[in-house]
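Structure first, commentary second.
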Protein chains: 2
Amino acid sequence: MTEEKKIFRDYVKSRGLKHTAQRDEILTYLLKSGRHMSPEEVFHTLRERDPKLGRATVFRTLKLLEECRLASRVTDANGHQTYEGSYGKPHHDHMICVRCGRTVEFSSPRIESLQARIARRKGFQVQWHRHEIFGRCSRCENKI
Amino acid sequence: MTEEKKIFRDYVKSRGLKHTAQRDEILTYLLKSGRHMSPEEVFHTLRERDPKLGRATVFRTLKLLEECRLASRVTDANGHQTYEGSYGKPHHDHMICVRCGRTVEFSSPRIESLQARIARRKGFQVQWHRHEIFGRCSRCENKI
DNA sequence: CTGATACTGAGACTCAGTATCAAAAAGAAA
DNA sequence: TTTCTTTTTGATACTGAGTCTCAGTATCAG
């Protein structure tokens with residue numbers, strides 16, 4: 001059993017929740033894919049294997065995975081929410097290509113610390129942030 | 001006639017579009033309010049004066065105002081889109097209180113330039129970005 | 001004034017996400 | 001393994017933001 005799965009089981013147990021086959025499937029699929037995925041995409045793919053899987057379960061589970069920090073939520077170029085497996089990954093933000101949708105991760109301790117300083121100055125307690133840069137990736141630079 | 005209205009008329013004309021009473025009302029209202037407003041809020045308020053105003057017109061017009069840089073779009077704490085009049089305002093980002101919804105503007109040339117450098121390094125052509133910090137504002141710091 | 005064209009509003013539609021609730025599954029304890 | 005409580009599930013209906021369509025209407029250049 002992977003590290004992530006153990007964390008998930010522990011989290012679930014510690015909160016008095018229950019471990020289920022559906023939750024396990026969703027976690028497994030998200031981890032395996034290694035990409036950003038929309039709830040809808042997860043739903044449709046897993047539904048092919050298990051035609052009884054419900055939409056709501058997927059949404060609920062992804063939210064749960066976000067809560068226990070195994071997944072993180074990212075807004076894509078069209079304003080929709082997607083999730084990515086985030087265990088062991090340090091915090092990072094995204095550049096999103098408006099043409100092909102490809103995302104490139106970036107992180108900048110210097111931006112983070114400037115951000116923290118600005119917030120402090122305005123009396124703001126930071127809980128989380130979202131820093132998304134939209135534009136064209138190198139591959140799409142000169143295309144229509 | 002305000003500067004903004006002139007810009008709007010010119011933009012509309014230059015694109016071969018037409019100036020209408022509805023568009024004017026929506027622009028006027030957005031400018032007067034000076035706040036971030038959801039399309040729905042604009043719609044309901046203006047609808048009271050003009051019961052024939054259509055939802056779609058509001059959405060279309062706000063998008064048009066965004067195109068000609070008279071308004072800018074900001075995601076609120078619940079992930080919904082809002083607009084604010086942005087003419088003459090330099091670019092800025094937002095800190096959003098997750099308790100009361102209040103937004104505080106900030107701008108940091110240093111963050112902007114770090115961002116530009118990172119993008120350049122990854123071969124990314126920046127078109128726009130969104131940097132939103134969520135947390136608690138000073139007034140809500142100690143509340144439930 | 002007139003005609004070409006853009007715009008409008010009504011309403012149907014889409015799509016992401018949520019609420020509800022009865023039936024099913026989990027898992028602790030016996 | 002059986003029982004019992006609690007959580008979870010999936011079907012379904014719903015919500016709310018935003019889009020599409022289209023017939024009728026307004027704008028404005030000539």
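Just so we're clear, the structure is a prediction, and the values are computed from it rather than from any experiment. Chain identifiers are assigned alphabetically (A, B, ...) following the order of the sequence lines, protein sequences preceding nucleic acid strands; residue numbering begins at 1 within each chain.
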Distance-only donor-acceptor check, side chains A/His131 and A/Gln115, under 3.5 Å: no

Please give the angle, rounded to 10 degrees, between the axes at the start and the end of the helix from C/dC1-D/dG30 to C/dA30-D/dT1, where five pairs define each axis. 30°

Those residues at least two apart in sequence (or on a different chain) that pass side chain to side chain contact (heavy atoms under 4.5 Å, CB included) with A/Phe59 are A/Pro39, A/Glu40, A/Arg55

Going by side chain to side chain contact (heavy atoms under 4.5 Å, CB included), name the residues that satisfy it together with A/Glu84, two or more places apart in sequence or in a different chain. A/His36, A/Ser72, A/Val74, A/Lys89, A/His92, A/His94, A/Glu105

Side chains of A/Ile118 and A/Phe124: does their closest heavy-atom pair fall under 4.5 Å? no

Tell me which residues in residues 26-41 of chain B put a heavy atom below 4.0 Å from DNA chain D, sorted by number, or none. B/Pro39, B/Glu40

Sugar-phosphate atoms are those with a prime plus P, OP1 and OP2; base atoms are the rest. Using that split, label each nucleotide of nucleotides 2-15 of chain D B, S or - for protein heavy atoms under 4.0 Å, 5' to 3'. ----BSSBBS----

Starting at atom CG of B/Asp10, determine the distance to atom P of D/dC28, rounded to an integer number of angstrom. 13 Å

Starting at CZ of B/Phe43 and ending at P of D/dA17, how long is that distance when rounded to a whole Å? 11 Å

Calculate the interatomic distance between A/Gln81 atom CD and D/dG18 atom P; express it in whole Å. 13 Å

Would one find a side-chain N or O of B/Lys63 under 4.0 angstrom from OP1 or OP2 of D/dG18? no

Qualifying salt bridge (Lys or Arg N to Asp or Glu O under 4.0 Å) pairs, either residue in residues 9-20 of chain B, two or more places apart: B/Arg15-B/Glu67

What is the distance, rounded to the nearest whole Å, between atom CZ of B/Arg15 and atom C1' of D/dT27? 17 Å

Take atom NE2 of B/His80 and atom P of C/dG17, then tell me their distance rounded to the nearest Å. 10 Å

